[in-house]
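The structure appears below as structure tokens.
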Amino acid sequence: MIIRPRRLRKTASIRAMTSETRLSPSMLVYPVFIREGKNIIEDIPAMPGQKRYSPDKLPVILERAVRNKIGAVLFFGIPDHKDECGSSAYDDNGVIQQAIRTAKREFPELTIIADVCMCEYTSHGHCGILHGKDVDNDATLQYLARIAVSQARAGADIVAPSDMMDGHTAAIREALDINGMTDTAIMSYAVKYASAFYGPFREAAGSAPSFGDRKSYQMNPRNLREAIREAELDISEGADMIIVKPGLPYLDVLRAVKECVNVPVASYSVSGEYSMMKAAASMGWLNEKNIACESAVSIARAGADIIITYFALELAEYMLNGEL
Ligand code: PBG
Ligand code: ZN
């Protein structure tokens with residue numbers, strides 16, 4: 001035998017030198033749930049280890065994000081007041097706007113991404129304005145634009161629309177530009193599937209739809225070519241980066257999208273992926289650290305430039321220690 005692949009697997013040092021996939025904390029994004037109130041840090045039962053913070057308590061977790069040198073944090077707001085049109089989402093004194101201002105004041109160097117959607121803010125839990133039982137695409141666009149402008153005004157570096165309305169990126173870009181926020185970037189959830197893996201998030205954010213599902217706006221899990229179409233559409237409308245979501249179950253989609261576009265591509269390893277790993281680990285069936293690392297490596301290998309994950313803080317720590 002002349003060729004023996006095992007030669008390059010012999011020592012940790014040789015394996016490290018010949019690695020095709022390398023990760024760094026700067027590629028990680030950590031999602032943070034912020035609820036209204038004061039002096040609150042509360043557990044999220046379906047997502048062990050994740051918490052909801054009131055804006056004043058945010059520095060506790062952001063300090064760790066900064067210390068671990070992660071790329072950005074992604075904010076989700078959970079308001080007290082919900083109504084038909086999600087008005088708390090574009091309130092300049094809303095919970096996410098307060099959170100953004102606090103974060104920017106305490107940690108000016110930390111990149112803040114704000115999730116733009118309506119489901120946490122609407123009384124019906126859908127991601128847009130209802131017309132009867134349907135989500136009215138075009139009526140929703142002006143609200144999304146208003147939300148994004150309000151978040152950018154509060155100091156968000158990047159806005160991330162997760163609503164899956166057609167034309168959302170164009171509507172947001174136009175509104176940001178008219179309001180002088182030409183440097184606010186858009187990281188669009190261009191390829192977001194109607195997935196059962198969002199369950200724990202909906203508990204965390206109180207954003208489950210009160211009737212029906214999101215299949216008329218989020219993508220059909222059976223479709224791949226449509227993902228390319230969605231990605232190209234959002235990029236043509238001005239998306240600076242795009243997200244493919246969920247993560248692990250959609251690596252084929254991630255790879256296909258990555259090969260077709262020339263903007264940074266993020267993969268969102270969603271709440272259900274996190275909770276499955278936590279649950280199996282808590283039973284002693286899988287090693288949490290090893291599966292979290294292997295999942296991140298797999299997502300990066302499939303083509304992600306950016307990984308949005310609830311394990312971001314731990315993963316960054318492993319990277320800084322030279323363990324990942
Ligand atoms: C809101 C939103 C959701 C997620 C991100 N933004 C939930 C949904 O669409 O129902 C899911 C994130 C996760 O599961 O971790 N539109
Ligand atoms: Zn939504």
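Indexing begins at 1, ligand by ligand and atom by atom, following the structure's order. Note that these values count all heavy atoms, side chains included, but never hydrogens, waters or copies made by symmetry.
- Arg15 and Arg9 make their closest contact through NH1-O, 2.6 Å (heavy atoms, listed as atom of the first residue, atom of the second, distance).
- Short contacts between ligand 1 and Tyr268, defined as distances under 4.0 Å to a heavy atom of the residue, involve ligand atoms 12 (C), 15 (O).
- Placement of Tyr268 and Leu251 within a single hydrophobic cluster is found when ILVMFWY residues are connected by side-chain heavy-atom separations under 4.5 Å, directly or transitively.
- For ligand 1, the atoms lying closer than 4.0 Å to a non-hydrogen atom of Cys119 are 1 (C), 16 (N).
- Here Lys192 does not pair with Glu230 in a salt bridge; the nearest charged N to carboxylate O distance is not below 4.0 Å.
- Each protein N, O or S atom less than 2.8 Å from the Zn ion (ligand 2) was counted, giving 3.
- Taking a 4.0 Å cut-off on heavy atoms, Phe76 registers as neighbouring ligand 1.
- Remark: Arg301 does not engage Glu20 in a salt bridge, criterion side-chain N to carboxylate O under 4.0 Å.
- The parts of Ser162 lying near ligand 1 are both backbone and side chain, judged by heavy-atom distances below 4.0 Å.
- Between Lys82 and Glu120, none of the side-chain N atoms (NZ, or NE/NH1/NH2) sits under 4.0 Å from a carboxylate O, so this pair counts as no salt bridge.
- In the model, Ser24 has a side-chain atom that pairs as donor or acceptor with a side-chain atom of Ser26 under 3.5 Å.
- Closest approach of Arg153 to Met181, counting heavy atoms only: N-SD, 4.0 Å.
- Side chains of Asn68 and Tyr30: no donor on one and acceptor on the other come within 3.5 Å.
- With a heavy-atom cut-off of 4.0 Å, Tyr310 touches ligand 1 through its side chain alone.
- Using the six-membered ring where Trp is involved, Tyr274 and Phe311 have ring planes that are tilted, between 30° and 60° apart.
- Taking 4.0 Å as the cut-off between side-chain N and carboxylate O, Asp43 and Arg52 do not count as a salt-bridged pair.
- At a 4.0 Å heavy-atom cut-off, ligand 1 touches Asp115 through the side chain alone.
- No donor-acceptor contact under 3.5 angstrom links the side chains of His81 and Asp91, judged on distance only.
- Evaluated by nearest non-hydrogen atom to atom 13 (C) of ligand 1, the leading choice among Ser271, Pro209, Pro246, Gly272 is Ser271.
- Taking atom 10 (O) of ligand 1 as the reference point, the nearest protein heavy-atom neighbour is Arg202 NE, 2.7 Å.
- Checked by atom type, the side-chain pair Asp83/Ser123 shows no donor-acceptor distance below 3.5 Å.
- Among all non-hydrogen protein atoms, the one lying nearest atom 11 (C) of ligand 1 is Lys245 NZ, 2.8 Å.
- Close contacts between ligand 1 and Arg214 involve ligand atoms 8 (C), 9 (O), 10 (O) [criterion: under 4.0 Å to a heavy atom].
- The closest non-hydrogen atom to atom 2 (C) of ligand 1, taken over Glu120, Lys192, His126, comes from Lys192.
- Residue Ser207 places no N or O, backbone or side chain, under 3.5 Å from any N or O of ligand 1.
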